[in-house]
Amino acid sequence: MKKPNGWHDMQARPRLAGTGRLAAAAAVAAVVAASAAPAFADGAPPLPERARVKPTVVLVHGTNVDSSSWDGVAGRLRRDGYPVVVLANPLRGLSYDASYTKSVLRGIKGPIVLVGHSYGSAVVNEAALGNRSVEAVVAVAGFLPEKGESSAELVAKYPGSTLARTLTTLPYPRMGGGTGMDVYVKQELYPQQFAADVPLRVSSVMALTQRPVDSGALGQKATGAAWRTVPAYDLITSDDRNIPAAAQRWMAGRAHAVSVEIRSSHVAPVSHPDAVTGLIERAARGGTSADATLAATGGARTWLLAGAAVGITALGGGLTAAARRRRRT
């Protein structure tokens with residue numbers, strides 16, 4: 001029987017259509033396989049399949065507050081499963097306070113995230129030096145000093161601090177002999193100077209319970225910069241009347257710190273515990289080997305997807321060429 005004109009085309013088109021469907025299915029399968037395949041950089045499954053040890057978060061308060069200033073942050077961290085140590089900063093001087101902090105760190109097993117508020121961040125910077133367990137340092141309305149810098153000179157680097165006019169001093173006997181000077185914030189000026197965004201009923205009590213700092217502490221110089229070897233995070237307080245926000249930004253930029261800026265007074269742990277907790281937990285996630293594995297897993301998976309895309313492109317090109325040859329015949 002004589003075959004109708006166009007018979008070859010009528011047969012070829014269904015075959016090509018079927019081939020196209022198979023190619024499309026193969027392409028989809030390749031993409032799905034690439035995205036679902038366990039592309040683990042170190043042969044281990046990603047979180048949450050592999051348990052990750054959460055670091056212990058050590059909270060160090062600053063001057064003219066006490067450890068209760070961390071209550072809101074500590075409670076949130078505990079709720080989220082983090083071990084927490086709230087350290088009572090002696091406030092006797094940078095060297096002594098850092099040595100005391102180091103003694104506390106020696107009793108902690110596993111990874112540590114060190115968090116300091118205000119002057120406490122200078123203490124954290126000092127205490128972290130040479131400690132391999134410290135995986136991140138976090139400054140909250142505080143300092144990221146370089147070797148040879150003091151907190152006092154960093155405050156003075158930019159204009160805007162009104163702290164000096166609110167201070168008063170009282171002598172105290174030093175344990176080793178002699179007399180030191182304790183520095184207080186005048187109680188009637190404390191709410192506006194330290195805690196303008198905290199309810200007065202709270203800030204007025206903070207003024208009563210404030211822990212004074214030795215007058216020489218803020219002038220003592222750092223012996224190193226922990227942020228040069230340890231990831232740094234910084235919460236900048238734009239409404240701070242103690243440490244100018246410009247100074248905080250400058251330090252964060254120099255340290256290449258992961259930074260967050262919020263509208264807050266100096267006592268951000270009290271007035272904005274959610275923001276402070278969020279940055280600490282970000283530091284905790286970023287400072288562990290498991291998170292590094294997860295990041296590497298993502299990279300490996302990206303390369304798998306790229307490889308699949310190249311393969312699909314090549315397959316599509318080959319099928320197109322075959323189809324054209326069939327049409328010519």
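Numbering of residues begins at 1 and proceeds along the displayed sequence. Every value quoted in this text rests on a predicted model; they were computed, and no experiment measured them.
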S.K.: So, are Glu261 and Arg249 salt-bridged, with charged N and O less than 4.0 Å apart?
M.R.: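 Yes, charged N to carboxylate O under 4.0 Å.
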S.K.: What distance do Ile262 atom CD1 and Ser271 atom OG have between them, rounded to the nearest 0.5 Å?
M.R.: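 Ile262 CD1 to Ser271 OG: 6.5 Å, rounded to 0.5 Å.
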S.K.: I'd like to know if the side chain of Trp227 reaches the main chain of Tyr233, judged simply by a donor and an acceptor atom lying under 3.5 Å from each other, with no hydrogens or angles considered.
M.R.: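 No: the side chain of Trp227 does not pair with the backbone of Tyr233.
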S.K.: Look at atom OH of Tyr96 and say whether more than 12 heavy atoms of other residues, nucleotides or ligands are closer to it than 6.0 Å.
M.R.: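 Check fails, neighbour count at 12 or below.
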S.K.: Listing request: all salt bridge (charged side-chain N to carboxylate O under 4.0 Å, His left out) pairs with a residue in residues 167-182, at least two apart in sequence or in separate chains.
M.R.: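 Checked against salt bridge (charged side-chain N to carboxylate O under 4.0 Å, His left out) - neighbours excluded - the pairs reaching residues 167-182 are Arg92-Asp182, Arg174-Asp214.
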S.K.: Determine, for Arg254 against Glu149, whether the closest basic-nitrogen to carboxylate-oxygen distance falls under 4.0 angstrom.
M.R.: yes
S.K.: What side-chain donor-acceptor pairs closer than 3.5 Å can you find for residues 99-106, not counting sequence neighbours?
M.R.:
| from | atom 1 | to | atom 2 | distance (Å) |
| --- | --- | --- | --- | --- |
| Ser99 | OG | Ser95 | O | 3.0 |
| Thr101 | OG1 | Asp97 | O | 2.9 |
| Ser103 | OG | Tyr100 | O | 2.5 |

S.K.: Supply the atom-to-atom distance Leu218 CG to Ser150 OG, rounded to the nearest 0.5 angstrom.
M.R.: 8.0 Å
S.K.: Would you say Glu126's side chain and Leu94's backbone share a donor-acceptor pair under 3.5 angstrom?
M.R.: no
S.K.: Using 0.5 Å steps for rounding, measure from the CG atom of Asn125 to the CG atom of Leu144.
M.R.: 7.0 Å
S.K.: Quick one: do Ile280 and Leu59 satisfy side-chain contact (heavy atoms from CB on, under 4.5 Å)? Show the steps, please.
M.R.: CA-CA 10 Å; Ile280 293 170; Leu59 304 172; 4.0 Å; yes
S.K.: Under a 3.5 Å distance rule, please check whether Gln248 uses its side chain to pair with a backbone N or O of Thr237 as donor and acceptor.
M.R.: yes
S.K.: For the side chain of Gln220 and the backbone of Ala217, is there at least one donor-acceptor N/O pair under 3.5 Å apart?
M.R.: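 Pair absent, no side-chain N/O of Gln220 close to backbone of Ala217.
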S.K.: Return the set of residues passing salt bridge (Lys or Arg N to Asp or Glu O under 4.0 Å) with Asp239 (not counting sequence neighbours), or none when no residue passes.
M.R.: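 Counting only residues at least two positions away or on another chain, Asp239 forms a salt bridge (Lys or Arg N to Asp or Glu O under 4.0 Å) with Arg263.
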S.K.: Any side-chain to backbone donor/acceptor pair from Ser259 onto Leu235? Under 3.5 Å, distance only.
M.R.: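 No; judged by distance alone, with no hydrogens or angles, the pair does not exist.
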S.K.: Under a single-linkage rule joining Ile, Leu, Val, Met, Phe, Trp and Tyr whose side-chain heavy atoms are separated by less than 4.5 Å, which residues share a cluster with Met175?
M.R.: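 For Met175, no cluster forms, as it stays isolated from other hydrophobic side chains.
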S.K.: Does Arg241 reach the main-chain N or O of Gln192 with its side chain, forming a donor-acceptor pair under 3.5 Å?
M.R.: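 Checking the backbone N and O of Gln192 against the side chain of Arg241, a donor-acceptor pair under 3.5 Å is found.
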S.K.: Once rounded to the nearest 0.5 Å, what's the spacing between atom OG of Ser121 and atom CG of Leu114?
M.R.: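 With rounding to 0.5 Å, OG (Ser121) is 11.0 Å from CG (Leu114).
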S.K.: Taking Lys54 for its side chain and Ala284 for its backbone only, find out whether a donor-acceptor pair lies under 3.5 Å.
M.R.: no
S.K.: Should Val115 and Trp70 count as side-chain neighbours, where that means a heavy-atom distance under 4.5 Å?
M.R.: yes
S.K.: Side chains of His272 and Ser264: donor-acceptor distance under 3.5 Å anywhere?
M.R.: yes
S.K.: In Å, rounded to the nearest 0.5 Å, how long is the span from CZ of Arg132 to OG1 of Thr229?
M.R.: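 Going from the CZ atom of Arg132 to the OG1 atom of Thr229 covers 11.0 Å.
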S.K.: Quick one: pull up CD in Glu281 and CG in Leu77 and give me the separation to the nearest 0.5 Å.
M.R.: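 Between Glu281 CD and Leu77 CG, I get 5.5 Å after rounding to 0.5 Å.
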S.K.: Only counting residues at least two apart or in another chain, list the ones meeting side-chain contact (heavy atoms from CB on, under 4.5 Å) with Lys147.
M.R.: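 By the side-chain contact (heavy atoms from CB on, under 4.5 Å) rule, Lys147 matches no residue at all.
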S.K.: Which residues pass the side-chain contact (heavy atoms from CB on, under 4.5 Å) test with Ser161, sequence neighbours left out?
M.R.: Val155, Leu163, Pro244
S.K.: Side chain of Arg211, backbone of Asn89: donor and acceptor closer than 3.5 Å?
M.R.: yes
S.K.: Does the side chain of Ser69 come within less than 4.5 Å of Val267's, by heavy atoms?
M.R.: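 No, every pair of side-chain atoms sits at 4.5 Å or beyond.
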S.K.: So does His266 get a backbone contact from the side chain of His117, meaning a donor-acceptor N/O pair under 3.5 Å?
M.R.: yes
S.K.: Any side-chain heavy atom of Met206 within less than 4.5 Å of one from Phe194?
M.R.: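 Met206 does not reach Phe194 side chain to side chain.
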S.K.: Distance-only, no hydrogens or angles: does the Tyr190 side chain make a donor-acceptor pair with backbone N or O of Asn64 under 3.5 Å?
M.R.: yes
S.K.: Is Leu91 close to His61 at the side-chain level, that is, under 4.5 Å between some pair of heavy atoms?
M.R.: yes
